[in-house]
Amino acid sequence: MPASPAPAASAPLAPAAPLLAWYDRHRRLLPFRAPEGGRPEPYQVWLSEVMLQQTTVAAVGPRFARFLARFPDVEALAAAPEAAVMEEWAGLGYYARARNLHACARIVAARGGFPGEAAALRKLPGIGAYTAAAIAAIAFDQPVVPVDGNVERVVARLAAEATPLPAAKPRLVALAEGFMADAAARARPGDFAQALFDLGATLCTPRSPVCALCPWRGACAAQRQGVQETLPRKAPKRARPLRHGVHFLLADAAGRVLLRRRPPRGLLGGMLEIPGTPWREATWEAAEALPFAPLPGLAWRRLPGLARHGFTHFELEMALLAATLPPAAAPAPLPEGMEMRPLAEAEAALPTAMRRLLALAR
DNA sequence: GAGACGTGGAG
DNA sequence: TCTCCAAGTCT
């Protein structure tokens, strides 16, 4: 007997018809969503799904439109240099998404379009179980149920699942798959998926769910038991350590600043940065930090204040030293990975952590 | 399986 | 100020 038997897809937790009827009246009008009855473009569904990974609808709206204007189709994206894609993604976070998006575009353009089934989509870079199912359901009408945080919450409440996440995930996925046993869900897989998202985003919310308006009120075990606010349970999070860094803002007479390209993988991988020391838990003395300056022999002055930025797994506090390149200095070839950019351009291309640092210079 | 991986908004 | 969390993926 298996240690933790994966539950087989079973009878649906709740009927699809009331949810779809609710969706037809209350669906959100979102900038990245095809108009009612309109055929969604696979490219746009894919792009929006990747942007929406761990990112709010409000943040994605304007960035989706801007990205689409710059890279209108998968061929245009595939033809672009990776640095241009990274720059367009600046400020959105989780930069591996941008690298994978670009790699995925090249594969898709080469094969002449997106595959139409979840299993094939799943093999592409940056497309995991959720995104594969979302694209398959929304763009290709495949009878699958994408399980995101909304769906986890809705299903955990319908079933009154008390096991904390992520341990409960396999069971929640199996229960979500069960929805497709209902012919009404199979008839409209894309709408059914988006109905689940909208239900989770507007009624079955993490705090203060609005059960009185829920089309699935009668089917919800958590609501019957009065425990909806406590579900889904989650494993406790670890504390985030505080790390420190010292960075060096070098400007030339023309007002350009020195930037450095970070290594292709890892934290802020492939993004530009203001050169600095490593980030560590111990604070830095000036004498210790100076060897990390991008050029030796300059008169660095400390700018007042500290830039603070919270990453997922640590908090960062950065000090900024500034220096100006003498106008007469010969334009020495910059070291590998370094470039000078006008201040405004640098600001647009930098991730938020680095923009905070730049703000100290004003 | 657990940790790495960004950011901004809400309460 | 601080915690939570948002249409997750990769290793």
Side-chain angles (χ1 to χ4, degrees), chain A residues 3-4 28 30-33 40 44-64 86 89-101 103-104 121-139 145-154 164-170 173 176 190 192-202 205-208 229 232-243 262-271 273 279 308-316 350-356:
Chain A
S4 63
R28 292 176 294 171
L30 302 174
F32 43 83
R33 195 178 260 182
Q44 297 188 21
V45 174
W46 166 65
L47 175 61
S48 64
E49 288 303 334
V50 172
M51 275 195 179
L52 285 160
Q53 289 168 6
Q54 298 292 286
T55 307
T56 57
V57 163
V60 165
R63 299 303 298 265
F64 175 78
M86 300 309 290
W89 204 268
L92 266 177
Y94 285 137
Y95 298 98
R97 293 186 294 175
R99 297 193 302 273
N100 286 329
L101 197 77
C104 184
L121 287 161
R122 177 68 184 80
K123 297 191 196 318
L124 295 168
I127 298 184
Y130 162 77
T131 303
I135 298 170
I138 296 170
V145 181
V147 180
D148 72 334
N150 288 305
V151 181
E152 283 177 358
R153 187 167 58 254
V154 168
L165 286 165
K169 181 73 185 276
V173 167
F192 185 78
Q194 294 176 92
L196 284 172
F197 302 157
D198 281 12
L199 185 69
T202 64
T205 48
R207 289 174 296 256
S208 310
E229 304 243 15
R233 297 189 187 170
K234 300 205 171 175
K237 302 174 173 43
R238 297 187 343 179
R240 295 186 308 177
L242 175 62
R243 295 184 188 168
R262 290 177 61 88
R265 283 196 288 262
L267 188 67
L268 305 178
M271 296 298 289
E273 68 173 351
W279 297 333
R308 219 182 153 91
H309 187 72
F311 290 99
T312 309
H313 52 297
F314 67 94
E315 184 84 13
L316 179 61
L350 287 171
T352 299
M354 293 293 138
R355 291 180 192 172
R356 300 242 155 97

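Chain A is the first sequence line, chain B the second, and so forth, proteins listed ahead of strands; every chain is numbered from 1.
Spacing of C1' atoms, B:dG1 relative to C:dC10, comes out at 13 Å, to the nearest Å. If you take atom P in C:dA7 and the same atom in B:dA10, they sit 14 Å apart, rounded to whole Å. Annotation: C:dC4 and B:dG6 have their C1' atoms spaced 15 Å apart (nearest Å).
Residue A:Pro146 is out of contact with every strand shown, counting any heavy-atom pair closer than 4.0 Å. Using a 4.0 Å heavy-atom criterion, one finds that A:Arg265 contacts no nucleic acid atom at all. A:Thr312 comes within contact range of at least one nucleobase, with a heavy-atom separation under 4.0 Å. Within 4.0 Å (heavy atoms only), A:Pro166 reaches no atom of the nucleic acid at all. Looking at heavy-atom distances under 4.0 Å, A:Leu30 makes contact with a base. Using a 4.0 Å heavy-atom distance criterion, A:Ala353 is classed as a sugar-phosphate-only contact. Across all strands shown, A:Phe32 has heavy atoms under 4.0 Å from base atoms, whether or not it also approaches the sugar-phosphate. Here A:Gly310 lies in heavy-atom contact (under 4.0 Å) with a base. Nucleic acid contact for A:Arg153: sugar-phosphate only, since backbone atoms but no base atoms lie under 4.0 Å from a heavy atom of the residue. Within the nucleic acid shown, A:Ser48 has no heavy atom closer than 4.0 Å to any nucleic acid atom.
Residue A:Thr56 places no side-chain N or O under 4.0 Å from the OP1 or OP2 atom of C:dC5. An OP1 or OP2 oxygen of C:dG8 is reached within less than 4.0 angstrom by a side-chain nitrogen or oxygen of A:Gln54.
Between A:Leu92 atom CG and C:dT9 atom P the separation is 16 Å, expressed in whole Å. We find that CD of A:Glu152 is positioned 12 Å from C1' of C:dC5, with the value rounded to whole Å. The CZ atom of A:Phe197 sits 13 Å away from the P atom of C:dA6 (whole-angstrom rounding). Here the C1' atom of nucleotide C:dA6 and the CD atom of A:Gln194 are 17 Å apart, to the nearest Å.
Of the candidates C:dA6, C:dG8, C:dA7, the closest approach to any side-chain atom of A:Tyr94 belongs to C:dG8.
With hydrogens and angles disregarded, a donor-acceptor distance shorter than 3.5 Å links the side chain of A:Glu229 to the backbone of A:Ser208. Of the possible donor and acceptor atoms, none in the side chain of A:Arg97 sits under 3.5 Å from a partner among the backbone N and O of A:Gly126.
In this structure, A:His309 has its ring center under 6.0 Å from that of A:Phe311.
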If you write DNA chain C from 5' to 3' in dot-bracket form, with Watson-Crick or G-U pairs under 3.5 Å, [ ] for crossing pairs and | for pairs with another strand, what do you get? .|||||.||||

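Put simply, chain A comes within 4.0 Å of DNA chain B, heavy atom to any atom, from B:dG3 to B:dG8, going 5' to 3'.
Looking at residues 232-240 of chain A, you'll see A:Arg238 sit with a heavy atom under 4.0 Å from some atom of DNA chain B.
For A:Arg28, the CZ atom counts as densely surrounded, since its 6.0 Å shell holds more than 12 non-hydrogen atoms of other residues, nucleotides or ligands.
Using a 4.5 Å heavy-atom cutoff, the side chains of A:Leu121 and A:Trp46 are not in contact.
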